[in-house]
Amino acid sequence: MHPAFSVIFLTTLIGAGQGLFLALYTSESYAAVKLLPVQSGAFYAWGSAISVVLLALGLITSFFHLGHPERAWRTATKWRTSWLSREVIVLPAVLGAIAVYGAIHALGWNLTIVGIDTGVSNDLTLIVGAGGVLLTFTLFLCTGMIYACIKFLQEWSTWLTPVNYLLLGTASGFALATVYASLFAPELVYFLGGWAIIILLAAFVTRSASLIRNARLKPKSSLQTAIGVRHQTMTQRSQGQMGGSYNTREYFHGAPMWVFRSIKWVFLVLVFPLPLILLSVGINEASFTVLSAAFVIQYLGLLAERWFFFAQANHPQNIYYQTIS
Amino acid sequence: MTQLALVIDLNVCVGCHACVTSCKEWNTSGMAGYMADDNPYDADPTGTFFNRVQTFEVGEYPCSETVHFPKSCLHCEDPPCVPVCPTGASYKREEDGIVLVDYDKCIGCKYCSWACPYGAREFDEHQKVMKKCTLCVDRIYDENIPEAERKPACVRACPTSARLYGDVHDPNSEVSIAIREAGGYQLMPEWGTNPANHYLPRRKTKIRIHEDELVRSDNPLKKETDRPVGPIDEPTLDDVTSW
């Protein structure tokens with residue numbers, strides 16, 4: 001498939017935003033059961049603000065993918081059948097939930113709803129945050145399922161696709177949370193950075209698994225099934241056009257083979273080992289510079305990862321477009 | 001329930017592209033229009049088409065056959081492009097099974113074109129909406145056209161009658177009989193899309209005459225007797241008048 005940069009930025013930005021919120025909520029719930037020191041409301045509020053900005057940027061970039069952005073409101077109508085429609089509904093909901101979560105912290109509404117004696121002074125944020133967490137996981141599922149539900153794009157059509165979106169986005173968000181904590185809550189750096197590394201390792205396992213799976217895929221469609229002639233030796237002599245068309249542009253990444261092959265190794269290095277080393281070093285020194293380098297390098301790697309994710313998917317319609325004439 | 005569709009006879013198609021040009025001509029001036037043509041006479045021509053004729057060489061030269069393969073939307077009975085549409089712009093008509101795009105609802109996200117394994121949909125770069133074969137829905141129901149001409153433009157244009165049009169759910173329609181009796185098949189059956197359009201395979205057109213076909217060996221009604229044979233020593237003109 002042809003990787004669209006709007007979608008690459010959308011998925012990576014909202015992944016980081018969702019992960020950052022999950023990290024904030026994790027640290028708050030640990031604080032509630034007195035496993036971590038309680039942070040000020042401002043810490044959570046500003047963290048949520050960063051998360052909201054990332055999600056909003058993602059939402060804005062997604063509009064560049066549309067031919068008619070002014071009709072985008074219509075996308076909320078077919079949530080019964082379309083994962084894309086579900087994502088369009090859940091994304092603003094996540095955005096809203098995180099904004100409310102941050103706002104309650106910023107305003108310091110110390111309301112007690114459940115009434116259990118917890119380490120934090122109120123439990124309203126914990127309840128609102130729990131709803132946000134649920135929505136965040138739903139959004140990861142929707143994003144992944146948009147790609148995983150197309151069964152003839154065999155590279156995507158696996159449960160590993162939503163799992164990779166979840167783990168890569170969360171890893172990126174926890175790395176960002178570690179950077180944030182290194183400035184404003186150094187006592188959380190070990191905790192958040194540790195989880196960033198654990199999630200990163202899990203993501204490495206599932207992303208490698210999907211790469212291995214895709215390398216061993218046998219395409220179900222062939223020229224034989226595509227035109228219904230069962231001869232073993234067939235070649236295309238004409239595709240019905242001398243110039244290009246939508247069919248030759250949209251379904252192929254258009255990069256030279258050496259670029260395609262090297263991008264895989266570029267993202268494997270940028271997303272996994274380099275941030276792993278930088279995070280380990282950065283946690284021990286609580287160094288803002290090293291940790292932010294880890295996040296930025298990983299984000300660049302995730303852009304490459306997403307590009308490769310799209311480019312690797314081989315659409316069966318390409319069978320019809322092998323030879324110009 | 002009606003399911004209108006095309007049946008394309010690969011044995012008859014000569015690859016003249018008349019269906020391609022008449023499709024473009026009809027649809028660019030119809031409700032689907034216009035269908036863009038950018039740089040038509042320049043180095044990088046491109047444009048929107050609902051129908052293409054591709055050519056494949058089957059076998060190895062010199063023992064090869066040329067198969068011309070017209071390719072358009074197959075109007076699947078279980079179209080994967082429809083449920084993925086987030087706005088409902090892509091839909092399948094209940095009454096006749098035609099898969100259509102509502103250009104006023106389409107947001108141009110291209111998701112449906114990813115979800116079509118046949119690459120039947122093309123994005124119009126000028127109108128920024130997804131387009132596809134409409135089975136000439138603005139023609140086949142037009143009562144201003146004589147009834148015999150209420151057929152898709154491609155079917156009307158085909159000089160060899162390689163394209164049949166009709167209701168594949170009616171067992172007695174021309175298309176159903178053709179599918180049944182001439183080995184009609186669907187494309188990429190492995191994805192369960194159940195395309196309504198069918199293709200008829202190439203057929204051998206040699207006449208093979210076996211010995212028993214020349215003589216009615218069974219002679220059921222005893223109507224045929226042995227041929228009369230004259231005396232062997234008489235001159236003959238042929239078998240019959242020899243006596």
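Chain letters run A, B, ... following the sequence lines, proteins first and then strands; every chain starts at 1.
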Taking C-beta and beyond as the side chain, do A:Arg249 and B:Thr46 meet within less than 4.5 Å on heavy atoms? yes
Any donor and acceptor pair, going by atom type alone, linking the side chain of B:His17 with main-chain N or O of A:Gly240 inside 3.5 Å? no
More than 12 non-hydrogen atoms from neighbouring residues, nucleotides or ligands closer than 6.0 Å to CD on B:Glu60, yes or no? no
Check: A:His68 side chain, B:Tyr103 main-chain N or O, donor-acceptor pair, under 3.5 Å: no
Where along residues 158-170 of chain A does a heavy atom come under 4.5 Å of chain B, listed by residue number? none
Side chains of B:Arg52 and A:Gln239: is there a donor and an acceptor less than 3.5 Å apart? no
Looking at A:Leu66, A:Ile150, A:Thr235, which has the largest count of heavy-atom pairs under 4.5 Å with chain B? A:Thr235
More than 12 heavy atoms from other groups under 6.0 Å of CG on A:Leu217: yes
Could you look at A:Gln224 and say if it's the side chain, the backbone, both or neither that has a heavy atom under 4.5 Å from chain B? neither
Are the side chains of B:Lys71 and A:Asn247 in touch, meaning some heavy atoms are under 4.5 Å apart? yes
Closer than 3.5 angstrom, by distance alone: can the side chain of A:His315 be matched with the main-chain N or O of B:Trp114 as a donor-acceptor pair? yes
Is B:Tyr61 close to chain A through its backbone or its side chain, or both, or neither, when contacts mean heavy atoms under 4.5 Å? neither
About how many Å separate CZ of B:Phe56 and OG1 of A:Thr323, when rounded to the nearest 0.5 Å? 8.0 Å
Can you give me the closest heavy-atom contact between A:Arg74 and B:Asp104, atom names plus distance? NE-O, 4.0 Å
Within a 6.0 Å radius of atom CE on A:Met242, are there more than 12 heavy atoms belonging to other residues, nucleotides or ligands? no
pair B:Met188-A:Pro316: side-chain heavy atoms closer than 4.5 Å: yes
NZ/B:Lys151: more than 12 non-hydrogen atoms of other groups inside 6.0 Å: no
Determine whether the side chains of B:Ser113 and A:Tyr246 contain a donor N or O and an acceptor N or O closer than 3.5 Å. yes
Does any heavy atom of chain A fall under 4.5 Å from the side chain of B:Arg202, the backbone, both, or neither of them? neither
Which heavy-atom pair separates A:Ser221 from B:Trp191 by the least distance, and what is that distance? OG-NE1, 2.7 Å
CZ (A:Phe5) with more than 12 external heavy atoms under 6.0 Å: no
Interface residue of largest heavy-atom contact number with chain B, from A:Ala313, A:Gly244, A:Ser222, under 4.5 Å: A:Gly244
Output yes when A:Arg237 and B:Glu57 qualify as a salt bridge under the 4.0 Å nitrogen-oxygen rule, no when they do not. yes
Suppose we screen for side-chain hydrogen bond (donor to acceptor under 3.5 Å, both in side chains). Which residues come up paired with B:Asp96, at least two apart in sequence or across chains? B:Arg93, B:Tyr141
Would one find more than 12 heavy atoms of other residues, nucleotides or ligands at under 6.0 Å from atom CZ of A:Arg80? no
Apply side-chain hydrogen bond (donor to acceptor under 3.5 Å, both in side chains) to the pair A:Ser238 and B:Gln54, showing each step before the final yes or no. CA-CA 5 Å; A:Ser238 151; B:Gln54 306 190 324; over 6 Å; no
Quick check for you: among A:Ser245, A:Ala72, A:Ala76, A:Gly67, which has the greatest number of heavy-atom pairs under 4.5 Å with chain B? A:Gly67
Heavy-atom contact with chain A under 4.5 Å, split by part of B:Tyr199: neither
What residues of residues 136-145 of chain A sit under 4.5 Å from chain B when you count only heavy atoms? A:Met145
Name the region of B:Glu125, side chain, backbone, both or neither, that has any atom closer than 4.5 Å to a heavy atom of chain A. side chain
Under 3.5 Å donor-acceptor, A:His65 side chain and B:Cys109 backbone: yes
Heavy-atom proximity to chain A below 4.5 Å, by part of B:Val53: backbone
Looking at A:Thr75, is its backbone amide N or carbonyl O close enough to the side chain of B:Thr87 to form a donor-acceptor pair, meaning the two atoms are under 3.5 Å apart? no
Which heavy atom of B:Tyr111 sits nearest to which heavy atom of A:Ser82, and what is that distance? CE2-OG, 4.4 Å
For chain B, which candidate among A:Thr77, A:Leu153, A:Val88, A:Ile146 shows the most heavy-atom pairs at distances under 4.5 Å? A:Ile146
Part of B:Tyr185 lying under 4.5 Å from any heavy atom of chain A: side chain
Does B:Glu94, at its CD atom, have more than 12 non-hydrogen atoms belonging to other residues, nucleotides or ligands within less than 6.0 Å? no
With a 4.5 Å heavy-atom cut-off, do B:Lys105 and A:Arg71 have their side chains touching? no
Using residues 77-85 of chain B as the side-chain source, report each donor-acceptor pair under 3.5 Å to any protein atom, sequence neighbours left out, with the distance given to one decimal.
from, atom 1, to, atom 2, distance (Å)
B:Glu77, OE1, B:His169, NE2, 2.9
B:Glu77, OE2, B:His169, NE2, 3.2

